[in-house]
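Here's the structure we're looking at; comments come further down.
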Amino acid sequence: DRIFKGTSKTREKLGVIEELFAYWNLEDADETLEELEDALIMSDFGPKTAFKIVDGIRDKVKTGQIKTGEQMRFELKTSIAGLLTSRGGSSELAIEGAKPAVLLVVGVNGGGKTTTIGKLAHKFSSGGAQVVLGAGDTFRAAAAEQLEEWARRSGAEIVRAANDKARPDTVLFQAVDTAVKLGADLVLCDTSGRLHTNWNLMDELAKCKRSIAKRLPEAPHEVLLVLDGTTGLNMLNQAKEFNETVQLSGIILTKLDGTARGGAVVSVVDELGVPVKFVGVGEGIEDLQPFNPESFVEALFP
Ligand code: GDP
């Protein structure tokens with residue numbers, strides 16, 4: 001089972017927590033809870049979320065609902081799964097009834113954006129949908145070629161920049177326009193993720209979003225942030241910035257097959273209230289799975 005093999009980096013640190021549970025007794029509850037909070041923060045959970053989780057457990061210790069380390073462990077898992085579920089809302093794509101449905105995919109370079117678009121294209125094409133890819137990353141020379149290859153493999157259409165000077169928002173406008181004219185089912189919009197001082201990525205993304213809506217007022221139906229699962233708590237700051245600019249509707253967490261650090265995503269979901277919709281578990285076209293909070297937590301605390 002390859003799923004979340006890779007929450008391993010976090011899991012290593014969570015070993016400390018397992019020890020806390022093993023040796024816990026009611027007399028030193030306060031001290032253990034403080035250590036638990038520290039251990040969660042060390043495991044990329046972020047102080048706010050760690051505090052919230054531990055506070056909930058503390059209440060249950062006080063009211064006598066938790067008396068053993070095993071019960072505390074159970075409560076920790078339930079509470080994390082709960083945060084991932086309730087704060088995040090639905091993990092289904094909100095594309096029912098939209099034709100075409102437009103997904104705007106954002107994220108910093110190297111996170112797995114293009115690969116994820118390829119996987120999504122394959123998933124929906126194999127289900128019988130007609131898919132159009134919009135090559136909105138006009139700044140990275142190889143990006144459009146890479147996307148072209150995914151289009152070929154998945155049987156999707158692709159709309160690329162007509163020339164060197166074409167702007168990303170223009171390309172995405174054309175992609176949606178093409179999909180409307182074809183009567184296609186889904187448009188997957190790739191974007192640039194280059195962080196550069198002389199160039200404002202966020203302004204550019206906001207423009208892309210507006211340009212899509214100019215062609216199809218109800219679009220984009222989803223704005224998905226691709227986050228590299230190996231980046232630790234840094235992903236929280238990234239996610240906040242993207243959310244402020246383009247109002248995220250979902251997260252796709254990649255590279256969970258590697259040495260991922262899954263703890264941070266709990267904070268992203270908790271603080272932004274944006275659900276994880278898919279996880280990437282490899283470089284192959286089939287390596288995309290719907291997110292399941294319970295299996296995610298199970299991988300952290302097997
Ligand atoms: P982009 O710059 O965000 O478009 O990132 P790419 O899609 O080019 O991906 C960057 C690298 O990460 C590539 O080598 C991908 O094969 C790899 N990658 C993407 N998703 C995953 C994943 O879920 N697991 C693993 N192991 N590698 C991935």
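Atoms within each ligand, like the ligands themselves, are counted from 1 in listed order. None of the values given here were measured: they were computed from a predicted structure.
The N/O atoms of Thr254, backbone and side chain alike, include none that comes under 3.5 Å of an N/O atom in ligand 1. Between Glu283 and ligand 1, a contact under 3.5 Å exists for at least one N or O pair. The N/O atoms of Leu256, backbone and side chain alike, include none that comes under 3.5 Å of an N/O atom in ligand 1. In terms of polar-atom proximity, defined here as any N/O pair under 3.5 Å, Lys255 does make such a contact with ligand 1.
Residue contacts with ligand 1: Lys119 is included, with a non-hydrogen atom under 4.0 Å away. Taking 4.0 Å as the cut-off, Val281 counts as a neighbour of ligand 1 on heavy-atom distance. Residue contacts with ligand 1 include Gly110, since one or more of its heavy atoms lies under 4.0 Å from the ligand. Under a 4.0 Å heavy-atom criterion, Gly193 is not in contact with ligand 1.
Every residue was checked against the salt bridge (Lys or Arg N to Asp or Glu O under 4.0 Å) condition with Lys214, not counting sequence neighbours, and none meets it.
Atoms of ligand 1 found under 4.0 Å from any heavy atom of Val108, numbered from 1 in the order shown, are 3 (O). Near Gly280, meaning under 4.0 Å from any of its heavy atoms, are these atoms of ligand 1: 23 (O). Of all atoms in ligand 1, numbered sequentially from 1 with element shown, those under 4.0 Å from a heavy atom of Arg140 are 2 (O), 4 (O). Residue-ligand proximity, Asn109 to ligand 1, at heavy-atom distances under 4.0 Å covers atoms 2 (O).
Scanning the protein heavy atoms around atom 3 (O) of ligand 1, the nearest turns out to be Lys113 N, 2.7 Å. Scanning all protein heavy atoms for the shortest distance to atom 8 (O) of ligand 1 gives Gln146 NE2, 3.0 Å. Taking atom 26 (N) of ligand 1 as the reference point, the nearest protein heavy-atom neighbour is Asp257 OD2, 2.7 Å. For atom 4 (O) of ligand 1, the nearest protein heavy atom (residue, atom name, distance) is Thr114 OG1, 2.7 Å. Nearest protein heavy-atom neighbour of atom 22 (C) of ligand 1: Gly282 O, 3.1 Å. Protein heavy atom nearest atom 7 (O) of ligand 1, with residue, atom name and distance: Thr115 OG1, 2.6 Å. Of all protein heavy atoms, the one lying nearest to atom 5 (O) of ligand 1 is Gly112 N, 3.0 Å.
Remark: the Glu70 side chain and the Thr68 side chain contain no N/O donor-acceptor pair separated by less than 3.5 Å. A side-chain N or O of Lys209 and one of Gln247 form a donor-acceptor pair less than 3.5 Å apart.
Applying the side-chain hydrogen bond (donor to acceptor under 3.5 Å, both in side chains) definition to pairs two or more places apart or across chains, those involving residues 117-130 are His122-Glu286.
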